[in-house]
Amino acid sequence: MKSYSLMLGAVLSFAALAAFAPTNAQAAVLCSFTRDLTVGTVGEDVRCLQQYLNGAGFIVSASGVGSPGHETTEFKGLTQTAVMAWQAANGVNPATGYFGAVSRAKYVYLTTVSSVPPPVVNPPVVIPNPPPTTSSAALNAQSSIKKAIEQIKDARDQIDDAKDDGKDTGYADREIGDANDDLFDAIDSYFRNNFDDAKESADNAYDNAVDAFEDAGGKTDDDKAEDYVDDVNDKLDDARDTVDDSTSKNANKAGDKLDDAEDYIDDAYDALDDKDYDGAKADAKKALALINDALDLLDSSSSSSGDKTDAKNAINDAKDAIYDAEDAIDDADNNDDIDEANDLLDKAYDKLDDAEDSYDDEEYDDAIDYAQDAEDYANDAEDAL
């Protein structure tokens with residue numbers, strides 16, 4: 001994501017944009033481009049393009065794959081973003097990241113005329129001074145543009161993964177194209193000091209990128225939080241049934257606990273409406289704790305019913321550990337440990353399935369053992385990051 005931060009700095013600073021004017025540095029890498037290059041293209045010409053962009057100051061990636069000295073033959077999202085910045089700085093419209101005939105002609109011009117700056121023809125932005133960046137409108141626009149860039153990056157990564165898995169990404173490709181167009185409009189409006197228009201276009205870019213991300217099989221924070229709240233709400237319904245069927249002297253107290261849990265569930269759904277996903281999950285976790293407390297209050301009239309309650313609690317603990325591991329993996333930066341963590345998480349899910357099957361078969365001791373294994377695997381997954 002570092003390269004996207006670099007791009008944001010470029011598009012939000014007139015001084016940075018001016019620094020991107022064609023110079024001798026743009027002639028440092030000479031390539032022979034004989035075809036159009038776009039997302040999905042593979043070849044040595046892609047590597048040369050990345051080397052040229054890195055040498056010209058349009059960094060493909062600040063570190064790792066695509067960074068200076070680590071260029072690749074694959075044209076993916078990071079390369080597209082660097083091309084977009086290069087196009088915007090050199091008057092290639094629209095700046096969509098598609099390196100076609102117009103871009104190739106511009107490249108030839110820049111690399112063959114290195115000592116005389118070319119005339120600016122139909123530049124994307126013409127302003128006499130840098131736009132103010134301290135007004136609330138400008139800061140709001142900046143925030144929306146940054147958010148859009150990050151979501152576009154996530155969507156491109158998801159699309160790349162989907163294509164690697166052989167999935168159809170036609171809708172997602174079109175939506176990410178719309179997001180790119182909206183982002184370009186946002187940047188153009190920003191430099192024209194039309195900050196409200198810039199924010200609106202950036203918000204549209206974000207929405208289109210979210211659609212692309214989901215259509216490519218990705219799950220947003222909204223989806224994950226809603227799934228978690230729904231899951232806890234289902235547990236509340238099951239607990240209601242258990243308390244209603246119970247003859248325990250503590251049934252009324254357990255019912256009061258469930259009433260409090262229901263209040264937290266309502267708060268969680270309100271938080272979802274407000275797009276406060278962390279708050280929604282926090283309220284749902286409080287509800288889950290109260291649900292478990294309510295079940296603990298019920299008297300164990302027999303060892304069997306006690307084992308059943310223990311098994312249910314063990315399964316709930318395992319699910320909590322799995323949810324926490326999923327969040328940790330989602331929040332982790334790309335690194336080699338994520339694959340190991342995902343493998344451990346898969347094992348945790350397998351053990352959880354075994355635990356729930358044993359519970360349904362009233363084999364509560366086995367359910368407890370499987371649930372503990374699931375919790376251990378989930379904790380190991382989080383520790384692996």
Side-chain angles (χ1 to χ4, degrees), residues 1-12 38-40 58 60-62 66 74-88 93-99 124 139-165 167-191 195-227 272 274-278 329-334:
M1 197 172 293
K2 292 181 180 178
S3 61
Y4 283 80
S5 298
L6 292 173
M7 176 186 175
L8 179 64
V11 299
L12 296 185
T38 187
V39 173
F58 302 89
V60 176
S61 178
E74 297 182 19
F75 194 122
K76 291 187 177 182
L78 295 177
T79 307
Q80 184 183 31
T81 299
V83 172
M84 286 173 63
W86 176 84
Q87 289 171 329
N93 291 317
T96 61
Y98 181 87
F99 197 79
L139 293 175
N140 288 337
Q142 288 182 25
S143 177
S144 292
I145 290 173
K146 181 176 184 296
K147 183 179 177 183
I149 289 173
E150 291 173 348
Q151 186 58 49
I152 288 172
K153 186 267 181 188
D154 290 341
R156 285 177 180 147
D157 289 345
Q158 185 64 39
I159 290 172
D160 287 342
D161 290 343
K163 287 181 177 177
D164 290 342
D165 293 337
K167 297 178 181 177
D168 180 12
T169 61
Y171 285 112
D173 287 334
R174 285 191 286 274
E175 285 159 347
I176 202 65
D178 291 340
N180 287 337
D181 291 342
D182 290 329
L183 178 60
F184 182 82
D185 290 342
I187 295 170
D188 180 67
S189 295
Y190 184 90
F191 278 113
F195 300 125
D196 290 340
D197 290 345
K199 184 180 187 308
E200 181 179 357
S201 294
D203 290 341
N204 290 338
Y206 175 83
D207 290 339
N208 280 319
V210 168
D211 290 341
F213 180 78
E214 292 179 325
D215 282 340
K219 263 197 169 184
T220 63
D221 290 341
D222 186 1
D223 295 329
K224 293 175 183 177
E226 186 171 356
D227 287 347
L272 286 177
D274 294 335
K275 297 186 178 181
D276 179 9
Y277 308 127
D278 290 338
I329 291 172
D330 289 339
D331 293 338
D333 293 331
N334 288 333

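The analysis underlying the following values was restricted to heavy atoms, covering all of them including side chains, and did not include hydrogens, waters or symmetry mates.
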[atom1]/[X] to [atom2]/[Y] distance, rounded to the nearest 0.5 angstrom?
X      : Y      : atom1 : atom2 : result
Gln80  : Thr96  : CD    : OG1   : 7.0 Å
Asp215 : Gln158 : CG    : CD    : 10.5 Å
Asn208 : Asp182 : CG    : CG    : 5.0 Å
Asp203 : Ser143 : CG    : OG    : 9.0 Å
Ile149 : Ile187 : CD1   : CD1   : 5.5 Å
Phe213 : Ile159 : CZ    : CD1   : 10.0 Å

Exercise. Side chains of Phe184 and Met84: closer than 4.5 Å at any heavy-atom pair?
Worked result: no

For this session: Decide yes or no for Phe99 and Thr79: does some side-chain heavy atom of the first lie under 4.5 Å from some side-chain heavy atom of the second?
Result: no

For this session: Answer yes if the side chains of Tyr190 and Gln142 hold a donor-acceptor pair under 3.5 Å, and no otherwise.
Result: yes

For this session: Decide yes or no on side-chain contact (heavy atoms from CB on, under 4.5 Å) for Asp196 and Asn140, but give the supporting numbers first.
Result: CA-CA 8 Å; Asp196 290 340; Asn140 288 337; over 6 Å; no

How close do [X] and [Y] get, heavy atom to heavy atom, and via which atoms?
X      : Y      : value
Gln151 : Ala209 : CG-CB, 3.6 Å
Ala148 : Ala202 : CB-O, 3.5 Å
Gly66  : Val60  : O-CB, 3.3 Å
Ala216 : Ala162 : O-CB, 3.6 Å
Gly97  : Gln87  : N-OE1, 2.9 Å

Exercise. Within a reach of under 6.0 Å around CG of Asp278, are more than 12 heavy atoms found that belong to other residues, nucleotides or ligands?
Worked result: no

Problem set entry | Sequence-distant partners of Asp227, salt bridge (charged side-chain N to carboxylate O under 4.0 Å, His left out), two or more places apart | Lys219

Output a table of donor-acceptor pairs, distance under 3.5 Å, between side-chain atoms of residues 169-181 and any protein atom two or more places apart or on a different chain; print 'none' if there are none.
{"unit_1": "Thr169", "atom_1": "OG1", "unit_2": "Asp173", "atom_2": "OD2", "d": "3.1"}
{"unit_1": "Asp173", "atom_1": "OD1", "unit_2": "Lys163", "atom_2": "NZ", "d": "3.4"}
{"unit_1": "Glu175", "atom_1": "OE1", "unit_2": "Ala212", "atom_2": "N", "d": "3.3"}
{"unit_1": "Asn180", "atom_1": "OD1", "unit_2": "Arg156", "atom_2": "NH2", "d": "2.7"}
{"unit_1": "Asn180", "atom_1": "ND2", "unit_2": "Ile176", "atom_2": "O", "d": "3.4"}

